[in-house]
Amino acid sequence: MIVPRPIAPRMLRLAALGLASLLLLAYVLGPVMWLLSSSLQTEREIVSIPPHWIPESPTLANFKAIFATGLGLARPSPAGTDPSSGGFIPSVAANLLPAMANSFIVAVTVTILNLLIGVPAAYAIGKIRFRGRGLTLYAILATRVIPDIALVVPLFLVVRKLGMLDSLASLIIAYLAITVPFSVFVLASFFEQMPDDLDRAARVDGCSRLRVLTHVYLPLARPALVAVGLFAFLASWNEFLLALMFTQTAASQTLPIVVAGITSDFTVSFSFLNAAGVLAVVPPVLLAVIFERYIVSGLTAGAVKG
Amino acid sequence: MARIRFQSVTKRYANGATAVAGLDLDIADQEFLVLLGPSGCGKSTTLNMIAGLEEISEGALLFDDRTMNNVPAHRRDVAMVFQSYALYPHKSVFENIAFGLRMRRVPEPELRRRVMDAAAKLEIAHLLERRPSQLSGGQRQRVALGRAMVREPSVFLMDEPLSNLDASLRISMRAQIRHLHAQMHSTFVYVTHDQAEALTLADRIVVMRDGTIQQIGSPDDIYERPANLFVASFLGSPAINLLEGALETIGGTLCFRRGALTVPLPACFRGDAREVVLGLRPEDVGPATSEAAQIHGVVDTAMPAGSDQFLGVAVEGAMLFLRVPKDVRVREGEPIGFGLTESRLHLFDRTTGRSLRRAA
Amino acid sequence: MRAVTHDERAAAGLLAGLVAVLMAVTAFPILYSLWISLFAVNLRRPNRMPFVGLDNYIAVLSSPAFWGSVGRTALFSALAVAAILVIATLVALLLDQEFPGRRILSACLLIPWAIPSVVNGLMWKWIYDSNYGALNGLLLQLGFIGSATIWLGDSNRTLPLIANAFIWKEVPLAAILLLVTLKSIPADLYGAAAVDGAPAWRRFFAITLPALRPGFLLVTLYEAMMAVRHFDLFFLLTEGGPGGASDVVAWRIYVETFRNLSFGTGAAMSYILAIATLLMSYALIRGMARTL
Ligand SMILES: Nc1ncnc2c1ncn2[C@@H]1O[C@H](COP(=O)(O)OP(=O)(O)O)[C@@H](O)[C@H]1O
Ligand SMILES: [Mg+2]
């Protein structure tokens, strides 16, 4: 039998890579798939032993309950109802949609303000030589080393003194502190890589510094802006610790807080809990997968220099 | 309209490096001035100070009678062409050229007219819709020129605009730039390290070194009457021959002496006995005749170079590099003699490097 | 003193927002918390706030419970960082190959990174569930265990299991950083080695691993910082339990501040953690830079 020699090792290599890819895929997606599968099971099915990896009769009941109560179309089941009977709607279900709205408002506002503050600062650091430039860079680096939990105590006291506890504004301001330094870092290294002559040409052409930024660099920086905006959005959407401190009622609670509340509530079934989790996961995961390319380049730009 | 004056201008960068020291320079309105010097001598820094792209550390910069030190770049009536061209990658050729006019709120019809005009002159009218990335190096260079041209600025600055072009294109662009200067009523300041470019383009050349001016003069002045050893050796290709020796007065005549070699010097040189350097450009030798001063040596190497040939000639322990017509028959290892043209000799003080030529 | 230049005025304007944010939400809280840490602040007694100097620090540093939590933090971080380094290296090596489906794989890799840590916590809590969890289900089905096992509730298993959840979420970023380092290895380095007839595994140890060192430094630094300060999973999975088995420093700060309402000691502990983090990053940079 004649086998062309190079084919065998090539097949072997592909097979090995395929196997490794499957392993990685199982590791990465396995837990998420289980989350999704659980969210589609009924309260009865979720307590099967052994677990049903794939739901026998997938149901959207949990999601329907979340949207129906959130929009005021249905009421949570009254206390005293047996949770294990089908169709039980926990009272926290009504909080999920408003929390999602809060998360959305906070994340979008932070993203916009983040860019409004971060882009000019990054341009100044990347393209203008001024006294104190080194100091500014160190300050930015320092904020990345200081643990957020160290800021929690003083921030909490300040927010309380200002009477801003339980408001979205307090979250927005705190998240700016977390996200702006990173944005400035990524964007400044992006601007720095742009040729200096472009900046000079634009200034000779009649642009003030601000106009150089808006007319020349912003159009060129679109990929970096997308990446940085996404980071700000995801960080705000996902943040837990500060939200836990600053929010108290449904008026300001974000999705992670409400989901965490459900997690420690023993009357809520795991199938409902997982549905709430899926709800919180879908927006960031969609964004991450769609904008994978931007995110990867932004992450590496920010990290390599930091 | 702009006369540009530097008054004792010094530029220190933030890292402490002094790029330009005590610069005094008066550039006439509509002059074509070339800043010439080796890389790092402060040419770009000088140009950038005119543009307002670099702050002035000390001294004053004036346009006509107005002090410009604190006027930012975008409020100066200055256009600039960069070595890297610095075209806006996200804009079409048309928008690249139009950008400066848009920033100055030139009305649309006039803007179109001026852009089209410049594009036609530079023969890039067919490229107006393209992006810079779709252009060749020469085309980009023209767009960069066009962008500065449409502005019709009173000061037109160019920083090594031709350095990234290949040799033949460079020569044709020189002509175009000269032409541009003739048409526009702008003061041109042009930076280059290429002496040939400087000699062909300039009304006046400023030779710089280490942030200071070495000589200011017409191309002829600079080439024929270099003020010091640096200027003499920076201009000319191949480089000027420099022979170290002594200055002596023999029989009432000032002479250059090196070993057995004695060269009587013309009256345009002055000085008392001292160590000197005699400068002789490779092309400034002729056949040995009885009237002219002569120089004798042994042919070391002979290399044909097109219409001419280059000879390496050993003279009194030094090697002179000379350019003679091809029909001069030489053999390596044989003695040879040349006549010198007195008026084309250069003489410098060996310690100060200054020319010993009398002021004209 | 030079006069303020035009450029500097422009820079000041452009930086105003950033400076305001840094001042208001970072610099001021840091100084304020230093101030607080010198007082006995307790919200249960809001009107009395005696100055106690360094007493809070002394109290914290002489408390065995605090040192216990430091030990657990160190163990958790060491476990997490080591595992992240190993797994992320393997992932990066895989993604460095060219094969069909590579792009989809790297897009999927971002999913754990993008998931909110709260959902990460609830997801693993459900997986680890001792009655109906997937871990027990899987191990039972495969016959590795005979009966349902208690996972998070077993104090010997708690820290490694929480670390596992942390690792799962952190591997993607680490792998991306290492992949960038891998891509920056000049190809002619491999070419030269291949000509010398070195087998693949020799090339790996002679070229790839040493070239990955800057990436390892970066990942170690970043992940150690993240692990030492990590709070969310401890809150969601175990609340410091069982019996203090997952009582790490971040959790202690939270309990001290928001359950015991003792802000002075909480602030002192935060300060100690911040300074320790700074020192750790400095030591890591120095130590690893020397071995580079
Ligand atoms: N931004 C800068 N910071 C510090 N030194 C600089 C800067 N730009 C130029 N220099 C230094 O100033 C000197 C003059 O530079 P430049 O004007 O660019 O010279 P040229 O254009 O003649 O080559 C050089 O020694 C250069 O290293
Ligand atoms: Mg230059």
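Per chain, numbering begins at 1; letters A, B, ... match sequence-line order. This structure is a prediction, so every number in the text was calculated from the model and none was measured.
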query: Do the ring centers of A:Phe156 and C:Phe263 come within less than 6.0 Å of each other?
result: yes
- prompt: Are the aromatic ring centres of A:Phe270 and C:Tyr132 under 6.0 angstrom apart?
  reply: no
Taking side chain as everything from C-beta outward and backbone as N, CA, C, O, which of these in [X] sits under 4.5 Å from a heavy atom of chain C? Side chain, backbone, both or neither.
{"X": "A:Leu116", "answer": "neither"}
{"X": "A:Leu244", "answer": "side chain"}
{"X": "A:Val32", "answer": "both"}
{"X": "A:Thr136", "answer": "side chain"}
{"X": "A:Arg293", "answer": "side chain"}
{"X": "A:Leu241", "answer": "both"}
{"X": "A:Leu14", "answer": "side chain"}
{"X": "A:Leu24", "answer": "side chain"}
{"X": "A:Ile128", "answer": "side chain"}

Max heavy-atom pair count under 4.5 Å with chain A, selected residue of [options]:
{"options": "C:Asn131, C:Ile111, C:Asp129", "answer": "C:Ile111"}
{"options": "C:Val228, C:Leu138, C:Asn136", "answer": "C:Leu138"}
{"options": "C:Gly17, C:Pro29, C:Ala267, C:Ala27", "answer": "C:Pro29"}
{"options": "C:Glu239, C:Glu98, C:Met226", "answer": "C:Glu98"}

Heavy-atom proximity to chain A below 4.5 Å, by part of [X]:
{"X": "C:Leu18", "answer": "both"}
{"X": "C:Phe28", "answer": "side chain"}
{"X": "C:Val25", "answer": "both"}
{"X": "C:Leu278", "answer": "both"}
{"X": "C:Asn120", "answer": "neither"}
{"X": "C:Pro172", "answer": "neither"}
{"X": "C:Ser106", "answer": "both"}

task: Quick one: which of A:Gly118, A:Ala235, A:Ser38, A:Ala139 has the most heavy-atom pairs under 4.5 Å with chain C, could you say?
output: A:Ser38
- request: Go through the structure and list residues passing side chain to side chain donor-acceptor pair (under 3.5 Å) with C:Glu170, not counting sequence neighbours.
  value: none
Parallel, tilted or perpendicular, judged at 30° and 60°: which one describes the rings of [X] and [Y]?
{"X": "C:Phe235", "Y": "C:Phe231", "value": "tilted"}
{"X": "A:Trp237", "Y": "A:Phe233", "value": "parallel"}
{"X": "A:Phe231", "Y": "C:Trp113", "value": "perpendicular"}

